[in-house]
Amino acid sequence: EAQLVESGGGLVQAGGSLRLSCAASGLSFGDYAIGWFRQAPGNERERVSCISSSYGNIYYEDSVKGRFTISSDIANHTVYLQMNSLKPEDTAVYYCAAEYWGICGDSHSKIPQLFDYWGQGTQVTVSS
């Protein structure tokens, strides 16, 4: 059974950094694009970033571009999201998700309903 487990969330002051991890098991890691999404109370779940090892693509939403970095450790089936210069508006529950043969682009690998597996989420709170 496929499983994604996030870790690394927490409370940080504005301007600080956190690194989130998404450990995948039970799936052929290289066949999946891994996306990071976030959901704040009252808001829809939105994509933050995405990485596709199969297509060699990485994508960032404009709201995090230049501050967040996504990376993949294929050997350990783990995807990381390094978050720097955090802002209070980054506060949300962060989820990682896997999409089979996802492409990761402006209009690809963006809709949550298209992802096959989800983690349980990790809370990120940025205080001002």
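The figures here come from the full heavy-atom set of this structure, side chains too, leaving out hydrogens, waters and symmetry mates. We're numbering straight along the sequence, starting at 1.
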Distance-only, no hydrogens or angles: does the [X] side chain make a donor-acceptor pair with backbone N or O of [Y] under 3.5 Å?
| X | Y | answer |
| --- | --- | --- |
| Ser72 | Val79 | no |
| Thr78 | Ala23 | no |
| Ser54 | Gly30 | yes |
| Ser85 | Gly15 | no |
| Gln120 | Val5 | no |
| Ser52 | Ala33 | no |
| Ser109 | Cys104 | yes |
| Glu6 | Cys96 | yes |

Shortest non-hydrogen contact from [X] to [Y]?
| X | Y | result |
| --- | --- | --- |
| Ala92 | Arg38 | CB-CB, 3.8 Å |
| Pro112 | Trp118 | O-CZ2, 3.4 Å |
| Gly121 | Tyr95 | CA-CD2, 3.5 Å |
| His77 | Ile74 | CD2-O, 2.9 Å |
| Tyr100 | Asp116 | N-OD2, 2.7 Å |

Rounded to the nearest 0.5 Å, what separates atom [atom1] in [X] from atom [atom2] in [Y]?
| X | Y | atom1 | atom2 | value |
| --- | --- | --- | --- | --- |
| Ser17 | Phe68 | OG | CZ | 9.5 Å |
| Ile51 | Cys22 | CD1 | SG | 11.5 Å |
| Lys110 | Glu61 | NZ | CD | 5.0 Å |
| Tyr59 | Ile103 | OH | CD1 | 13.5 Å |
| Asn57 | Asp106 | CG | CG | 12.0 Å |
| Cys50 | Glu99 | SG | CD | 7.0 Å |

Do [X] and [Y] have side chains that approach each other closer than 4.5 Å (heavy atoms only, starting at C-beta)?
| X | Y | result |
| --- | --- | --- |
| Arg67 | Met83 | no |
| Trp101 | Asp31 | yes |
| Gln123 | Leu11 | no |

If two hydrophobic side chains count as joined below 4.5 Å and joins carry through other members, does [X] share a cluster with [Y]?
| X | Y | answer |
| --- | --- | --- |
| Leu20 | Phe115 | no |
| Tyr60 | Leu18 | yes |
| Tyr55 | Ile58 | yes |
| Leu27 | Trp36 | yes |
| Tyr80 | Ile70 | no |

* Scan Leu86, Val12, Val124, Val126 and name whichever one has a side-chain contact (heavy atoms from CB on, under 4.5 Å) with Thr91. =>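 The side-chain contact (heavy atoms from CB on, under 4.5 Å) with Thr91 is passed solely by Val126 among Leu86, Val12, Val124, Val126.
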
* To do: May I ask you to check if Arg45 and Phe37 form a cation-pi contact, with NZ or CZ under 6.0 angstrom from the six-membered ring centre and within 45° of the axis?
  =>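 Relative to the ring axis of Phe37, which defines the angle, Arg45 lies outside at least one limit.
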
* So does Lys87 pair up with Asp90, basic N to acidic O under 4.0 Å? ->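 So Lys87 does not pair with Asp90 through a salt bridge.
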
